[in-house]
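In what follows, a structure is listed as structure tokens, so that the remarks can point back to it.
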Amino acid sequence: MKRVLLLLTLLLTLGGSVCAQKIYYQCTGDRVRVRTAPSMNAKQLRYNNVDHAEPGPVYMNKGEVVVSSGVKKNGFVKVTYAGRYNLWNTGWASEKFLRKMQKCTHCAGKGYFDQVCPECGGEGDEFCCDFTGKKQCPKCYGLGYK
């Protein structure tokens, strides 16, 4: 009985850590469609109704960063917009136009250093330190991945 409980606890712990992981991808193409399902025949995802985006279908461009939990199907990766604004919901992008990003070695994946941001003096601003008040990593621009 103890073995069963131990095994069950171990499986639940490992399962939770796998689900919680974030994988960052960078788009390698221009005008890459984000779809509502993992299929070339699926409808194209549309932008959310926010002031920061033009209404219409979602396209990713070269260099754009998205986040995934690692779910893949039919050559597509389930991705979410990684930017500050909620421009679009989770959709599916072709894996052939995505490059898996690596953790930044310069900042150990934190994106920032434990130093006061020299531009805002630690007050936190949208444009220099993403409201953290900390010095942003110049290699990954605060993302923690490159």
Side-chain angles (χ1 to χ4, degrees), residues 7-146:
L7 183 61
L8 184 60
T9 304
L10 182 62
L11 288 174
L12 288 174
T13 303
L14 290 175
S17 64
V18 170
C19 293
Q21 75 179 8
K22 284 186 178 180
I23 302 168
Y24 286 87
Y25 288 95
Q26 189 172 45
C27 183
T28 61
D30 283 318
R31 292 187 57 82
V32 175
R33 292 180 174 100
V34 180
R35 300 186 179 275
T36 58
S39 166
M40 293 296 285
N41 298 324
K43 290 182 181 179
Q44 196 168 347
L45 195 67
R46 299 191 65 80
Y47 283 103
N48 292 333
N49 189 15
V50 295
D51 295 334
H52 302 289
E54 295 291 323
V58 174
Y59 291 98
M60 290 190 309
N61 290 308
K62 192 172 188 173
E64 195 168 335
V65 177
V66 291
V67 181
S68 174
S69 61
V71 177
K72 297 179 183 181
K73 189 174 183 182
N74 300 332
F76 286 82
V77 178
K78 192 173 190 177
V79 296
T80 302
Y81 181 74
R84 178 179 306 120
Y85 304 107
N86 184 22
L87 296 181
W88 49 272
N89 296 327
T90 300
W92 296 83
S94 175
E95 190 172 14
K96 68 181 178 180
F97 294 110
L98 297 173
R99 178 185 68 83
K100 191 174 180 181
M101 299 175 75
Q102 301 298 317
K103 191 177 277 193
C104 179
T105 55
H106 194 67
C107 66
K110 290 178 16 182
Y112 298 89
F113 300 107
D114 291 328
Q115 301 169 7
V116 173
C117 175
E119 295 188 34
C120 69
E123 295 292 320
D125 187 86
E126 175 180 5
F127 299 105
C128 58
C129 63
D130 201 22
F131 300 109
T132 64
K134 296 182 179 180
K135 182 178 179 183
Q136 191 177 58
C137 176
K139 303 287 184 181
C140 67
Y141 306 102
L143 185 61
Y145 289 81
K146 59 181 185 168

Whether the side chain of [X] engages the backbone of [Y] through a donor-acceptor N/O pair (distance < 3.5 Å, no angle test) should be reported.
X	Y	value
Q136	Y141	yes
N74	P38	yes
S68	K78	yes

With a 4.5 Å cut-off on side-chain heavy atoms, are [Y] and [X] touching?
X	Y	value
K146	Q26	no
F113	H106	yes
M60	L98	yes

Could you tell me the separation between the [atom1] atom of [X] and the [atom2] atom of [Y], rounded to the nearest 0.5 Å?
X	Y	atom1	atom2	value
C117	K135	SG	NZ	9.5 Å
F76	W92	CZ	CH2	9.5 Å
N89	Y47	CG	OH	12.5 Å

Partners of [X] by side-chain contact (heavy atoms from CB on, under 4.5 Å), sequence neighbours excluded?
X	answer
K110	D114
T28	F97, R99
Q44	R33, P57, Y59
K100	I23, Y25

Nearest heavy-atom pair of [X] and [Y]: which atoms, and what distance?
X	Y	value
C120	C129	SG-SG, 3.7 Å
W88	R46	CB-O, 4.2 Å
C107	G111	SG-N, 3.0 Å

>> Test of understanding: with side chain to side chain donor-acceptor pair (under 3.5 Å), list the residues that count as partners of T36, not counting sequence neighbours.
In response: none

> Could you walk me through whether R31 and N61 pass the side chain to side chain contact (heavy atoms under 4.5 Å, CB included) check?
Replying inline: CA-CA 5 Å; R31 292 187 57 82; N61 290 308; 4.0 Å; yes

>> Consider side-chain contact (heavy atoms from CB on, under 4.5 Å). Of V77, V79, V32, V34, which one does V66 pass it with?
In response: V79

> Pairs in or reaching into residues 117-132: which pass side chain to side chain donor-acceptor pair (under 3.5 Å), with residues at least two apart or in two chains?
Replying inline: R84-E126, R84-D130, Y85-E126

